[in-house]
Amino acid sequence: MYQEKYHQIERMLRACTGEEDVLLTTGGDHADLASTIAFRLAKKEKRPPQKIAADIAEKLAGNPDLGDIQVESAGPYVNFHFGPTLLAEAVREAVEPGYGSFPRRSSRVVLEHTSANPNGPLHVGHIRNTVIGDSLARAFRKAGYPLEVQYYLNDMGRQIAIVSWGFDHLEIPRREGEKEDHYVARVYIAANREIEKNPEITQEIDLLMQKVERGDPDTVKKFRKAVSLCLEGIRATLAALNVSHDRFVWESDFVRIGDVDRVIERVRRLPQAVEDETLWVDLSEFGFEKRYILRRSDGTSVYSTRDLAYHTWKGRNYDRMIDVLGADHKLIGAQLQVTLKLLGEKPPEIVFFEFVSLPEGSMSTRAGKFVSADELIEEVAGKAFEEVTTRRPDLPEEERCSIARSVAIAAIRYDIVKVSPEKSTVFDWKEALDFERQSGPYIQYAHARACSILEKAGEFEPAYHYETGHEIALARHLARFPAVIEQVVVELRPHLLAAYARDLADLFNAFYHYDPVLKSEGEIRNSRLTLVDAVRNTLKESLETLGIDALRSM
RNA sequence: GGGUCUGUGGCUUAGCCAGGAUAGAGCGCCGGGCUUCUAACCCGGAUGUCGGGGGUUCGAAUCCCUCCAGGCCCGCCA
C-alpha cells in the first residue's frame with residue numbers, strides 16, 4: 001500500500017509541477033509523505049515557496065485519484081496524510097502471514113559472508129561480518145530473490161600451512177570437551193611461537209605451500225583434515241547464531257580444476273600485465289600504485305589469484321554477486337573489481353564493514369588475543385538465564401534455558417546489526433550484556449507482550465477503526481515495513497531494519513500503556529486486537545529477517 | 001608519506017550518499033509510575049560550538065576545500 005501510494009503521489013506531483021524529481025520523502029512526524037519541491041520551484045518561478053506549496057496542495061486536493069489521502073501545505077512543505085481507509089488497509093495487510101515479502105524475482109544472487117580463515121574459532125570481529133551478511137541474506141530472500149549463501153574457505157593459505165605443520169611437529173593433544181576450532185587455534189598459536197623461536201621453519205612452511213599447490217596428495221590430505229576439523233567448530237558457532245550457508249567453496253578447488261591456471265593465462269594477455277620474476281598487473285592507470293601480484297617467483301598462486309578465479313566462476317553463474325568484507329580488504333577488493341572488469345568479467349558488489357577491536361587493541365588469532373564468539377554466547381546466555389529465572393520462576397528450567405539462548409542471540413545479533421557498518425567499534429562486555437531499550441530482547445519482549453494479549457483475548461472479529469494518536473502512529477509505521485525491506489536490499493544496509501523494528505516496538509509499548517485493549521469494548525476492542533495482531537506479525541517478520549527468534553513468551 | 005573510513009550531550013548511537021519543518025534515540029543522572037492486558041516497560045527533567053576553520057546555497061550535521069584527531073590498508077600474507 002505504502003509504496004503504491006508513494007509512486008502514485010510522485011506521479012501526480014510530476015504531472016502537477018513538470019519536475020522530474022519531486023523530492024518526495026517520508027514526512028516524519030509531520031506527514032506520511034512530504035515534498036520540498038516548492039523550494040526548488042521558488043527559485044525558478046521567483047515566487048515564495050509558501051505560495052507555491054499552497055497552490056500545489058490546492059491543485060492536488062481537487063484530484064479524485066487521491067482518494068483517502070489528504071493533502072495540505074504547511075509553510076513551504078506539501079504534506080500528505082493517509083486517511084482512515086488507507087490505515088485500515090495497512091493494518092489489513094500487516095496481519096497477513098509473511099507480511100513484507102515480495103513476489104519472486106528472477107535475478108539470481110550469490111552472497112558471500114564470514115569466510116574466516118579456518119585456523120581458529122570465530123571471534124567478535126568475524127561475527128560482525130556474519131551478522132551483517134546473514135541479515136542481508138534474509139532480507140534478500142524476503143525481497144523475493146533466489147539466493148545462495150556461500151562461505152569461501154581459504155584452505156591453502158599460509159595460516160593453514162602453519163596449522164598443518166603444527167599438527168605434524170608439535171605434540172598437542174586435544175583437551176577433554178574442547179571444541180574443534182579452539183583446538184586448532186591452540187595448535188596455530190603454538191606453531192607460530194615455534195616459528196618465532198626458529199625462523200628457519202618458515203622454509204618448511206613455504207615447502208608445504210608449494211606441495212599443496214602442486215596437489216601433493218599427502219599434503220593436501222593433511223591440509224583438508226585440519227581445515228575440516230576447524231570448520232566443524234565454526235559451523236557449530238554459526239548454527240548457534242542462527243546462521244547457515246548453502247555452500248562452502250574450497251579455495252583449493254580452483255587450483256585443482258585448472259581455473260587458476262586459466263585465469264593466469266588470461267591475465268598474461270592483458271596489456272596491463274607485467275612478467276618479471278613474478279606476474280603482476282599494473283593498475284596505476286586506475287589509481288592503484290600497488291602491484292597486484294598474481295604469481296609468486298616460485299610459481300605458486302596467491303590469495304588474489306584464487307579469488308579472481310572464484311569470482312569469475314560466481315559471475316558466470318549468478319546475476320548478482322555480493323561480498324561482505326572487512327575494511328582491511330578495501331584495497332584488494334577494489335583491485336579485484338578492476339581486474340575482473342579488464343578481463344571482461346562481472347565485478348562483485350562489496351559491502352565493507354569497519355573493524356571491531358578490544359579495549360586493549362586489535363584482535364589477533366595468531367597472538368591468541370581475541371574474544372571468541374562462543375565465549376560471548378556463553379556469557380550472554382548465562383546472564384540471560386539469570387534474568388529469565390528472576391522474571392519467570394514459574395517456568396521449567398528447560399524452557400528458561402531455551403528462552404535464555406534465544407535472548408542471548410537476539411542481544412548479540414541486534415547489538416551488531418544496529419550499528420552502521422562504516423563505524424569502527426570497540427567490543428564492550430557491559431553493552432553486550434545489556435538487554436534494555438535499544439536491544440534485541442527489548443523488541444522480543446514487545447512481541448511476546450503482543451502474543452500474550454492475543455492469547456488472553458481469544459477469538460475476535462477483525463475491525464479497523466483507529467482514532468487515538470498511538471493507534472494511528474502504529475498503523476502508519478506498520479505501512480512502511482515492505483518499503484524498509486526494499487530499502488535494505490537496495491542500499492545493502494541491514495541496520496535500517498534494526499532501527500525500524502525498534503521504532504515499532506517503541507510505538508507499541510507507548511500504545512500498550514495508554515490504550516487498553518482487553519478492557520475496551522465492542523469495535524474499539526476488536527480494532528485494537530487487530531492492531532496488536534498486526535504489530536505481532538510485523539515484529540515477527542522483522543525479527544526473523546534479523547535472524548532473531550520471535551518468542552511468544554519470555 | 002599516500003589511500004580510505006570515522007569524529008554528533010559524560011558514554012554509545014540515528015540522521016549524511018539523494019541539503020529543508022524544533023538534530024532523534026539509548027545508557028548514565030534527577031524526578032514520577034506496578035490492587036490495571038508480562039515494569040526486559042512507560043512518562044517528565046537536565047545535558048549538544050553536530051571535531052576546528054573557510055566556502056557553496058534562500059537554507060548545511062548533510063555538499064566542496066582545508067586543518068586536527070582516531071581506526072584500517074599500503075606483504076611474492078590472507
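Any value given below was found using the heavy atoms of this structure, including those in side chains, with hydrogens, waters and symmetry copies removed. Throughout, a chain's letter reflects where its sequence line sits, starting with A, and its residues are numbered from 1.
- In terms of modelled atom types and a separation under 3.5 Å, the side chain of A/S252 and the main chain of A/M156 share no donor-acceptor contact.
- Checking the phosphate oxygens (OP1, OP2) of B/A14, a side-chain nitrogen or oxygen of A/S420 falls inside 4.0 Å.
- Geometric assessment of A/R295 against the ring of A/W280 yields a negative cation-pi assignment under the 6.0 Å and 45° thresholds.
- Among the nucleotides B/G15, B/C17, B/A21, the one closest to any side-chain atom of A/A74 is B/A21.
- As a whole-Å value, the separation of A/F288 CZ from B/U4 C1' is 11 Å.
- A donor and an acceptor atom sit less than 3.5 Å apart, one in the side chain of A/E354 and one in the base of B/G71.
- A/Y442 has a side-chain polar atom (N or O) that falls below the 4.0 Å cut-off from OP1 or OP2 of B/C42.
- Using a 4.0 Å cut-off, some side-chain N or O of A/R449 falls inside it from OP1 or OP2 of B/A39.
- Contacts of A/D515 with the nucleic acid, taken as non-hydrogen atoms under 4.0 Å apart, include base atoms.
- For the P atoms, the distance linking B/G45 with B/A23 amounts to 15 Å, nearest Å.
- OP1 or OP2 of B/G7 has at least one side-chain nitrogen or oxygen of A/K423 nearer than 4.0 Å.
- One interatomic measurement links the two molecules: CD1 of A/I37 to P of B/A21, which rounds to 16 Å at whole-angstrom precision.
- Taking the charged nitrogens against the carboxylate oxygens, A/K423 and A/E354 have no contact shorter than 4.0 Å, which rules out a salt bridge.
- When the side chain to side chain contact (heavy atoms under 4.5 Å, CB included) test is applied to A/S284, the partners found at least two apart in sequence or on another chain are A/D282.
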Counting primed atoms plus P, OP1 and OP2 as sugar-phosphate and everything else as base, spell out the protein contacts along nucleotides 22-34 of chain B at 4.0 Å heavy-atom distance: B, S or - for each nucleotide, 5' to 3'.
B--BSS-------
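- Contact annotation for A/A448: base contact, defined as any heavy-atom pair under 4.0 Å involving a base atom.
- A distance of about 35 Å separates the C1' atoms of B/G48 and B/G2, rounded to the whole Å.
- With C1' as the reference atom, B/G10 and B/G3 are 34 Å apart, rounded to whole Å.
- Between A/F481 and A/Y500, a ring centre-to-centre spacing shorter than 6.0 Å is recorded.
- Using modelled atom types, one finds a donor on one side chain and an acceptor on the other under 3.5 Å when comparing A/D506 with A/Y442.
- Residue order along RNA chain B, read from the 5' end via each residue's closest nucleotide, puts A/T36 first among A/T36 and A/K43.
- Taking the C1' atoms as reference points, B/U57 lies 43 Å from B/C42, given to the whole Å.
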Reading nucleotides 73-78 of chain B 5' to 3', which nucleotides get B (base under 4.0 Å from a protein heavy atom), which S (sugar-phosphate only), which -?
SSSBSB
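- In this structure, A/F39 places its CZ atom 17 Å from P of B/U57, rounding to the nearest Å.
- A/R476 and A/D503 are not joined by a salt bridge, as no carboxylate oxygen comes within less than 4.0 angstrom of a charged side-chain nitrogen.
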